[in-house]
Amino acid sequence: MGILEWATSPLGQRVPIHIAWFLMWVALMVGLVFLVVHAIYVRYFAGHKEFAADPDAEAVAQLPARIPRHSLAARLFHWIMAAAMFVLLFTAFLPKVGVRFNWVTYHWVAGAVLTLSILFHIVHATVYLDFWSIWPDRADLEDTRKRLQRFLGESTALPRKFAKYPLENKLYHGAVILAGLAVIATGICMMFRVRTLFFPRNPYLFSDMTWGMMYVLHGLAGVSLITLTMVHVYFAIRPEKLPITASMIVGSMSREFYLKEHDTERWVIKPNPERGLADGD
Ligand code: HEM
C-alpha cells in the first residue's frame, strides 16, 4: 500500500492523482498520540517552570492591570481564518469517510476566504504589528538550550521568561506557514479544475503529471493541517493556557499572568493610555 494513488493518463503515462486517503487517519492518530503523551507528561512528570528573575522592578510598577495582547483587527483575522480552516478540513475529509454533499463549492469558497484573510494578515503583521515577534531570535535559542540542559538534569543558569511568544509557538507558526502556503498556492491552481466565480475552467492549464503533483502536495499539506489544528486546539483548551485563549477573545490578559510567563524587557508594554489596546504591543 503506497502513500499515493496513481492512474494512467490519456497519453499512457503513469501519473499520481492524489494522496492515499488513509494518510488522514495517520494524521489524526499522530495528533491524538501527541495530545495523550503531552497531557501525561504535564500531569505526572513535568516540574514547575522556573525562570531567571525579572530585573526591571520599575517597569513592573508602571504596568496596567490588563495587558493588551491582540488588537481587534488581529482577533477578527484569527477567528475568520479559524472558521475558514475548519470548513476546509471538514469539507475536504468528510466526503472521504462517506459523508456525501456538494463539498467542492463550500471548499473553494472557504479557500478563497482563507486566502484573503492570510493576505490581510501578511500586510497587517508587516506594517502594523511587531513583525519579528513571531520569528525565533538568539535569546530563544540560548534559553531553549538551558531548558534542555535542565530537562536532562545538567546544572545551568535559569532561562529567561518568554518574549510575546515562546519558541514553541514560533516553530508552530512556521509549520502552519509552510502547510498553509502550500494548500493556498496549490488550491488556487486547482480552482481552474472546477467551476468558480473567479476565472473560466481550464483543466488543460498543466500537464497530467503537474496536476497530479499539485493534488499530492495539496493533500499532504491538507492532512498535516489536521494534526496541526488538533495540537493548536488542544493547547488552547489546556487549563493553564486559558488566559491566552481568552485574550484572543477579549484582547488582553491580566498583569499577573503576563509577569508569570513573560520578560518585561523582551515583550515591552508601553504605558500610553491614548493608544489603548494597540497592535503589536
Ligand atoms: C485546510 C486547508 C485545506 C485542506 C485540508 C484541503 C484539502 C483538500 C482535499 C483533501 C481535496 C481533495 C483533493 C483530491 O481529491 O485529491 C481538496 C480539493 C480542492 N481544494 Fe483544498 N484544502 C485546503 C485548502 C484549500 C484552499 C485554500 C483552496 C483554494 C484557495 C482549496 C481549493 C481546492 C479545490 C478547488 C479543490 C477541488 C479540486 C477538484 O475537485 O478537482 N483548498 N482540498
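As the structure lists them, so they are numbered: ligands from 1, and atoms in each ligand from 1. Nothing here was measured: the structure is a model prediction, and the numbers come from that model. Residue indices begin at 1 and follow the sequence shown.
- Comparing Met190, Arg195, Met191, Met24 by heavy-atom distance to atom 36 (C) of ligand 1, the nearest is Met190.
- Ring-plane geometry between Tyr106 and Phe101 is classed as tilted, the angle between the planes lying from 30 to 60 degrees on a 0 to 90 degree scale.
- Scanning Met85, His18, Met214, His218 for the heavy atom closest to atom 1 (C) of ligand 1 points to Met85.
- Residue contacts with ligand 1 include Trp103, since one of its heavy atoms falls under 4.0 Å from the ligand.
- In Ile19, neither the side chain nor the backbone holds a heavy atom less than 4.0 Å from any atom of ligand 1.
- Of the charged side-chain nitrogens involved, at least one lies within less than 4.0 Å of a carboxylate oxygen, so that Lys49 and Glu261 count as a salt-bridged pair.
- Distances below 4.0 Å separate heavy atoms of Leu88 from the following atoms of ligand 1: 1 (C), 2 (C), 3 (C), 23 (C), 24 (C), 25 (C).
- Between Lys161 and Glu50, no side-chain nitrogen of the basic residue sits less than 4.0 Å from a carboxylate oxygen of the acidic one, so the salt-bridge criterion is not met.
- Those atoms of ligand 1 with a heavy atom of Thr115 less than 4.0 angstrom away are 30 (C).
- Between Tyr215 and ligand 1, a contact under 3.5 Å exists for at least one N or O pair.
- Here the shortest heavy-atom distance to atom 5 (C) of ligand 1, taken over Ala27, Ala112, Gly222, Gly111, belongs to Gly222.
- Close contacts of ligand 1 with Leu225, meaning ligand atoms under 4.0 Å from a residue heavy atom, involve 1 (C), 2 (C).
- Less than 4.0 angstrom separates some heavy atom of Leu89 from each of these atoms of ligand 1: 5 (C).
- For the pair His107 and ligand 1, the shortest N or O to N or O distance falls below 3.5 Å.
- Between Phe131 and Trp135, the two ring planes are tilted [angle within 30° to 60°].
- A salt bridge does not link Lys164 with Asp130: every distance from a Lys NZ or Arg NE/NH1/NH2 to an Asp or Glu carboxylate oxygen is 4.0 Å or more.
- In summary, the atoms of ligand 1 found under 4.0 Å from a heavy atom of Val194, numbered by their order in the structure, are 35 (C), 39 (C), 40 (O), 41 (O).
- Looking at Trp21 against ligand 1, only its side chain comes within 4.0 Å, counting heavy atoms.
- With respect to the salt-bridge test (charged N to carboxylate O, under 4.0 angstrom), the residues Arg266 and Asp143 qualify.
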